[in-house]
Amino acid sequence: MKTIVLLGGGTAGHVMPNIALLPDLLKDFGKIYYIGTKNSIEEKLITDYIKGHDVSSKLEFKTVTSQKLIRNLSPKNLTIPYSLIKGFFEARKLLKVIKPNIIFSKGGYAAVPTILACCRGRTSLRPAIIIHESDYTMGLANKICKHKATHVLTSFKETAKCKKSTHVGTAIRQELFYGKKTTSNKKTILIVGGSLGAKRINETVFELVKSNKLEKYNIIHITGKNKNNSKIKAANYTQIEFGSNPANIYNAADFVITRAGSNAIFEFLALKKPMLLIPLSKKESRGDQILNATALQKEGVCLVMQDEELSLDILFENIKSLENHQERLIKNINKSSLSKTANAEILKLIKQECL
């Protein structure tokens with residue numbers, strides 16, 4: 001009975017590609033363990049998946065201690081070495097029991113202590129390790145873990161720089177392609193703040209809705225957990241905290257306004273959706289979303305506006321521009337290699353490493 005460990009967390013973007021692979025992995029592996037952080041987004045998403053698909057006998061969620069790096073001079077960062085050491089020994093203990101044949105990691109906090117806990121040489125504590133990087137530049141966790149990796153897979157061709165790296169694209173949830181698109185006389189805008197919400201985008205959209213400038217569109221606004229505003233109401237406007245039925249929601253959209261997190265943008269590219277990307281600024285991130293957006297803009301598959309530019313009027317002008325460029329963007333998306341899905345290629349490599 002072959003066993004695989006999946007890693008990836010901190011944001012939904014680290015988890016969704018793993019969820020995209022689960023239907024096939026559940027067929028090919030006797031046991032799957034998802035290792036993450038307690039009370040995290042990955043724990044919620046994987047626990048919900050287990051319940052929703054009745055796979056508790058084959059898929060288990062386990063936790064190790066890990067801690068987010070805060071990108072400023074926060075005193076909380078001083079406890080990271082302690083968390084890392086504690087998580088290392090917790091992961092070591094888990095791996096001795098699990099004895100996985102392979103580890104597939106999307107990065108995130110829990111990936112570091114788990115992969116560092118693997119020994120050298122192919123033993124029960126040194127399985128094959130495949131890591132996948134979705135962003136244009138490699139995240140900190142994957143930078144640390146790549147030295148132990150058997151293979152490094154990337155979503156962007158430019159990211160595949162070392163000998164062990166291969167550009168494959170991103171795994172996409174296949175159910176997204178089977179959503180129902182409702183008919184309407186109005187075009188539909190989907191606005192996505194991300195799994196945790198995007199305060200500046202949300203507030204600007206609330207103001208736009210109140211101004212009635214968007215009355216010619218249907219608007220679906222995914223605000224993020226606990227981010228709905230009950231005071232904002234309009235006949236053409238729907239607020240959702242988190243997309244519980246993403247296939248129908250995504251397929252309803254004619255245009256998408258979103259941050260430039262890698263998982264979201266590759267899902268919308270696969271669905272051939274014209275996008276306006278508003279990447280997180282360097283003040284709020286390591287700048288990865290800016291590079292993601294710039295790469296897509298060069299391919300001609302999206303429009304981009306910077307977070308610092310956000311205002312009611314400028315966002316409205318960009319929405320009009322997005323509609324005007326709809327046909328050009330769809331044409332470019334259809335020609336771009338960025339819109340391909342990598343499920344089959346990733347699964348093939350996982351199987352090969354388990355032989």
Side-chain angles (χ1 to χ4, degrees), residues 12 16 172-173 175-261 263-278 296 301-305 309-334 339:
M16 290 306 178
I172 304 295
R173 293 173 286 171
E175 64 265 26
L176 295 182
F177 296 100
Y178 301 100
K180 296 178 181 178
K181 182 173 175 60
T182 55
T183 56
S184 174
N185 295 327
K186 295 181 177 181
K187 290 188 175 181
T188 299
I189 305 171
L190 173 61
I191 302 167
V192 186
S195 60
L196 303 179
K199 185 178 179 181
R200 282 172 56 78
I201 292 177
N202 287 346
E203 290 178 349
T204 307
V205 171
F206 294 152
E207 291 301 313
L208 260 178
V209 172
K210 286 196 294 184
S211 74
N212 290 323
K213 286 192 172 186
L214 298 179
E215 61 183 355
K216 65 173 284 191
Y217 305 102
N218 290 317
I219 307 155
I220 303 172
H221 185 187
I222 301 177
T223 59
K225 187 177 180 181
N226 300 321
K227 305 295 183 185
N228 279 3
N229 187 335
S230 60
K231 296 180 181 179
I232 309 300
K233 295 180 181 179
N236 66 329
Y237 177 64
T238 302
Q239 290 184 62
I240 305 169
E241 286 194 1
F242 190 70
S244 58
N245 190 353
N248 289 346
I249 294 171
Y250 288 7
N251 280 278
D254 294 287
F255 321 109
V256 178
I257 300 171
T258 181
R259 289 297 193 192
N263 183 69
I265 60 179
F266 279 105
E267 286 188 339
F268 292 127
L269 282 173
L271 293 171
K272 316 298 190 228
K273 300 297 181 181
M275 292 179 287
L276 170 64
L277 300 183
I278 309 175
L296 265 63
V301 297
C302 71
L303 302 183
V304 177
M305 69 174 289
E309 300 174 333
L310 260 179
S311 70
L312 184 154
D313 291 329
I314 295 177
L315 180 58
F316 180 60
E317 290 303 315
N318 275 275
I319 289 172
K320 290 195 294 183
S321 182
L322 184 61
E323 183 175 10
N324 292 336
H325 288 89
Q326 179 181 11
E327 290 185 10
R328 176 181 68 84
L329 292 172
I330 292 175
K331 183 179 178 180
N332 290 341
I333 290 170
N334 284 324
S339 63

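Predicted model only: the values in this text are computed from it and were never measured. Excluded from the calculations below are hydrogen atoms, water molecules and symmetry mates; all remaining heavy atoms, backbone and side chain alike, are included.
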Item checked: Side-chain donor/acceptor of S321 to backbone N/O of N318, under 3.5 Å -> no

Note to self: Testing the basics here: between K213 and D313, what is the closest heavy-atom pair and its distance to 0.1 Å?
What the structure shows: NZ-OD1, 2.9 Å

Notebook entry, point to check: Can you list the steps and then say if V304 with L276 is a side chain to side chain contact (heavy atoms under 4.5 Å, CB included)?
Noted result: CA-CA 6 Å; V304 177; L276 170 64; 5.8 Å; no

Checklist line | side-chain hydrogen bond (donor to acceptor under 3.5 Å, both in side chains) evaluation trace for Q239 with K227 | finding: CA-CA 9 Å; Q239 290 184 62; K227 305 295 183 185; over 6 Å; no

Checklist line | Spacing of S211 atom OG and L312 atom CG [to the nearest 0.5 Å] | finding: 4.5 Å

Next item on the list: Report the relative orientation of the aromatic rings in F206 and Y237; use parallel for angles under 30°, tilted for 30 to 60°, perpendicular for over 60°.
Entry: perpendicular

Next item on the list: Over all heavy atoms of both residues, which pair between I314 and E309 is shortest? Give the atoms and the distance, please.
Entry: CD1-O, 3.4 Å

Checklist line | L310 vs I201, side chain to side chain contact (heavy atoms under 4.5 Å, CB included): CA-CA, chis, key distance, verdict | finding: CA-CA 7 Å; L310 260 179; I201 292 177; 3.9 Å; yes

Next item on the list: Give, for atom CZ of F177 and atom CG of N251, the distance between the pair rounded to the nearest 0.5 Å.
Entry: 9.0 Å

Next item on the list: For residues A252 and I220, report the shortest heavy-atom separation together with the two atoms involved.
Entry: CB-CD1, 4.2 Å

Margin query: Nearest 0.5 angstrom please: M305 CE to E317 CD, how far?
Written below: 10.5 Å

Next item on the list: Please identify each residue that fulfils salt bridge (charged side-chain N to carboxylate O under 4.0 Å, His left out) with E203, with sequence neighbours left out.
Entry: none

Next item on the list: Measure the OH-CG distance between Y217 and L190 for me, rounded to the nearest 0.5 Å.
Entry: 14.5 Å

Notebook entry, point to check: Is L315 close to V205 at the side-chain level, that is, under 4.5 Å between some pair of heavy atoms?
Noted result: yes

Margin query: So, taking the atom named CD1 in I319 and the one named CD1 in I219, what distance separates them when rounded to the nearest 0.5 Å?
Written below: 7.5 Å

Item checked: Check: L322 and P274 side chains under 4.5 Å, non-hydrogen atoms -> yes

Item checked: salt bridge (charged side-chain N to carboxylate O under 4.0 Å, His left out) partners of K216, counting only residues at least two apart -> E323

Notebook entry, point to check: Looking only at heavy atoms, which two atoms of L329 and C302 are closest? And how far apart?
Noted result: CD2-N, 3.5 Å

Note to self: Are the side chains of N334 and K272 in contact, using a 4.5 Å heavy-atom criterion?
What the structure shows: yes

Item checked: Derivation and outcome, side chain to side chain contact (heavy atoms under 4.5 Å, CB included), residues Y250 and R173 -> CA-CA 12 Å; Y250 288 7; R173 293 173 286 171; 3.9 Å; yes

Next item on the list: Decide yes or no for R259 and I278: does some side-chain heavy atom of the first lie under 4.5 Å from some side-chain heavy atom of the second?
Entry: yes

Checklist line | K186 atom NZ, over 12 foreign heavy atoms within 6.0 Å | finding: yes

Next item on the list: Name all residues meeting the salt bridge (charged side-chain N to carboxylate O under 4.0 Å, His left out) criterion together with R200; count only those two or more places apart in sequence or in a different chain, and write none if there are none.
Entry: D307

Next item on the list: For N228 and S230, indicate whether the former's side chain and the latter's backbone hold a donor-acceptor pair under 3.5 Å.
Entry: no

Checklist line | Presence of salt bridge, K273 and D254, under 4.0 angstrom | finding: no

Next item on the list: With the side chain counted from C-beta on, respond yes when L296 and I265 share a heavy-atom pair under 4.5 Å apart, and no when they do not.
Entry: yes

Check: By salt bridge (charged side-chain N to carboxylate O under 4.0 Å, His left out), which residues pair with K233, not counting sequence neighbours?
Finding: none

Item checked: By side chain to side chain donor-acceptor pair (under 3.5 Å) - contacts of N248 (at least two apart) -> none

Next item on the list: Kindly write out the residues that satisfy side chain to side chain donor-acceptor pair (under 3.5 Å) with S184, not counting sequence neighbours, or none if the list is empty.
Entry: N218

Check: Hey, does F255 have a side-chain heavy atom less than 4.5 Å from the side chain of Q326?
Finding: yes

Margin query: Just verifying a value: how many Å separate N212 CG and K210 NZ, rounded to the nearest 0.5 Å?
Written below: 11.5 Å

Next item on the list: Identify the two heavy atoms, one from F316 and one from L214, that lie closest to each other, and give their separation to 0.1 Å.
Entry: CD1-CD2, 3.9 Å

Margin query: When you compare the side chain of E267 with that of L176, does any pair of heavy atoms fall below 4.5 Å?
Written below: yes

Check: Regarding N202 and T223, is there a side-chain donor-to-acceptor distance under 3.5 Å anywhere?
Finding: no

Check: Is there side-chain contact between I189 and V256, with at least one heavy-atom pair below 4.5 Å?
Finding: no

